[in-house]
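Below is one structure, written out as structure tokens; the observations come after it.
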Amino acid sequence: MRLSRYFLPILKENPKEAEIVSHRLMLRAGMIRQETAGIYAWLPLGLRVLNKVTGIIREEQNRAGAVELLMPTIQPADLWRESGRYDAYGKEMLRITDRHEREMLFGPTNEEMITEIFRGYVRSYKDLPLNLYHIQWKFRDEIRPRFGTMRSREFLMKDAYSFDLDKEGARHAYNAMFTAYLRTFARMGLKAVPMKADTGPIGGDLSHEFIILADTGESAVFCHSDYLSFDTPAADTDFGDRAGLQQLVDRWTSLYAATEEMHDEAGFAAVPEDRRLAARGIEVGHIFYFGTKYSEPMNAVVAGPDGQLRPVHMGSYGIGPSRLVAALIEANHDEAGIIWPDAVAPFNVAILDLKAGDSATAAACEDLYRQLSARGLDVLLDDRDERAGGKFATADLIGAPWQILVGPKGLANGQVELKRRATGERELVSPADAVARIC
Ligand code: ATP
Ligand code: MG
Ligand code: MG
Ligand code: MG
């Protein structure tokens, strides 16, 4: 992408409405624009990051055996009357009436709809286990939308739903998603700790929130600090190995970790004092086994091996990609701007032509641009007619992990400057070496 042809509306001033650094930087870097309270347009730079985030989520969902589909955003109210949630859900639900006076709603989540789809087709235990997911916009009329896309009213969610014949099967499905979540967040360079979460009236211990520690987090959380150095499950994890997955989850739940609602002072006191972490956290994912809560009232039943019909055991598994983009910035920034981890960077490399109008720097930049693009990298070439200082500031603000600075003096010696955004380290190298170092 040539910056002269791109749409990157950078703000010079600090937006007054932004209370936290991620919101400020997303506005300043031209990633999002608020259209009305809690509702955002994703501008090109923001959309690139959102797509990288959903790409990783999708790969890890698929790896764990979940199958992607796409459900609509608008749902009929009657579906929610079947489960009893239409009245129970309250004011967070955006209710709509169509021209025929039919009651509809903008989906805040999809348990009812996926149960309706399932019951329309699946009759036998032989078709189980099944895990279906989608990545779709949700609407919740949050009482206090704030912090940009961290808590917005319209937001993106990956929500998966598992179907099993019995609780043991459902536990395996839960463990598979638990494992996939650990991999997903680790691949984004984030340390997310699974913490015991409230299961409400269903009870049991099968609900975890995945929490990223951050001072600006909205939840108070308590955990053993050793979790922060635990290994991530390997890419070749066998998701069919029930005992193996159980072991993995047992280890990741062996130490104390709980959100405020589930916090137990006595349990926390048993953690060695130097390992007690009482902090703020951001909920980026939430997994939940809820048994037959929806399958029973909605009559989603399958025949078991004995021919008997029984309601399926279900779980749901959410991740908030649009919240994650903000959380990633909370975890990766400095005074000058965003520092994207390589895996989610909107551009892997920014090439800065430090002397606009100079044919030698322009040619060298074009050459680098072609070579890096050909290797599959996302490259931004700052070819604007602007002074070098402005280009440095823009590159630092939008946070590409690598920068290549191309100026006439260095070029005369066959050199460009390669800069790593995270450390600020700069090195004089030949253009060929710069390409080799990045790839
Ligand atoms: P919160 O406690 O922050 O209100 P929640 O518990 O209501 O979140 P879930 O129903 O568990 O959210 O939804 C799954 C995921 O969707 C959350 O873990 C979060 O990452 C994301 N999410 C929920 N609400 C929002 C929102 N208003 N804006 C952005 N992301 C959200
Ligand atoms: Mg909520
Ligand atoms: Mg919550
Ligand atoms: Mg939740």
Side-chain angles (χ1 to χ4, degrees), residues 20 22-23 26 31-32 34 36-40 42 46 49-50 53-54 56-57 61 73 85 88-94 106-114 133-161 174 177-178 180-182 184-185 188 190 192-200 202 206-214 216-221 258-263 280-290 293-294 314-331:
I20 61 172
S22 59
H23 188 194
M26 285 175 85
M31 293 177 65
I32 53 168
Q34 180 173 298
T36 184
I39 298 181
Y40 291 86
W42 287 77
V49 181
L50 191 61
V53 165
T54 54
I56 292 174
I57 293 170
Q61 290 293 292
T73 53
R85 280 211 290 184
Y89 212 92
K91 290 199 162 175
E92 259 190 28
M93 180 184 277
L94 179 64
F106 195 120
T109 179
N110 282 65
E111 280 82 3
E112 283 78 359
M113 186 169 279
I114 200 75
Y133 77 96
H134 72 161
I135 300 174
Q136 177 63 291
W137 295 93
K138 305 291 188 287
F139 194 95
R140 293 183 186 175
D141 204 352
E142 299 279 356
I143 188 159
R144 239 187 119 196
R146 58 180 188 158
F147 300 161
T149 64
M150 192 78 89
R151 178 169 303 283
S152 47
R153 295 199 295 166
E154 189 179 58
F155 61 97
L156 195 56
M157 197 198 286
K158 183 287 300 180
D159 37 329
Y161 303 90
Y174 185 90
M177 284 294 112
F178 188 108
Y181 276 35
L182 290 174
T184 301
F185 300 124
M188 296 174 193
L190 290 170
V193 180
M195 302 202 184
K196 223 185 247 175
D198 198 1
T199 49
I202 291 150
L206 286 186
S207 179
H208 286 90
E209 284 174 18
F210 286 73
I211 304 278
I212 289 166
L213 302 180
T216 47
E218 290 182 286
S219 332
V221 297
T259 59
E260 201 166 19
E261 303 84 60
M262 297 300 286
H263 184 49
R280 310 288 305 172
I282 302 168
E283 178 191 331
V284 288
H286 192 170
I287 61 178
F288 200 8
Y289 163 73
F290 48 76
K293 180 176 176 189
Y294 300 95
M314 295 173 58
S316 72
Y317 315 91
I319 295 184
S322 47
R323 175 177 291 182
L324 262 171
V325 174
L328 278 158
I329 297 175
E330 290 294 321

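Ligands are counted one by one from 1 in listed order, and the atoms in each one are counted from 1 as well. Along the sequence shown, residues carry numbers from 1.
- For ligand 1, the atoms closer than 4.0 angstrom to any heavy atom of Thr149 are 29 (C).
- Taking any N or O of Arg323, backbone or side chain, at least one lies under 3.5 Å from an N or O belonging to ligand 1.
- The residue Lys138 has no part lying near ligand 1, judged by heavy-atom distances below 4.0 Å.
- The protein atom (non-hydrogen) at minimum distance from atom 9 (P) of ligand 1 is Arg140 NH1, 3.7 Å.
- Remark: aromatic rings of Phe210 and Phe178 are close, center separation under 6.0 Å.
- If you number the atoms of ligand 1 from 1 as listed, the ones under 4.0 Å from a heavy atom of Gly320 come out as 20 (O), 21 (C).
- Scanning the protein for heavy atoms near atom 14 (C) of ligand 1, the closest one is Met157 CE, 3.9 Å.
- Close N/O approach between Val284 and ligand 1 is found [any backbone or side-chain N/O within under 3.5 Å].
- A donor atom on one side chain and an acceptor atom on the other are not found under 3.5 Å apart for Glu209 and Thr259.
- Residue-ligand proximity, Ser152 to ligand 1, at heavy-atom distances under 4.0 Å covers atoms 26 (C), 27 (N), 28 (N).
- A ring-centre distance under 6.0 Å is not found for Tyr289 and Tyr174.
- Phe155 CE1, 3.5 Å is the protein heavy atom nearest to atom 22 (N) of ligand 1.
- At least one N or O atom of Glu142, backbone or side chain, sits closer than 3.5 Å to an N or O atom of ligand 1.
- The contact set between ligand 1 and Met150, taken as ligand atoms under 4.0 Å from a residue heavy atom, comprises 28 (N), 29 (C).
- Under 4.0 Å from ligand 1, not a single heavy atom of Thr109 appears.
- Contact annotation: for Glu283 versus ligand 1, heavy atoms closer than 4.0 Å belong to both the backbone and the side chain.
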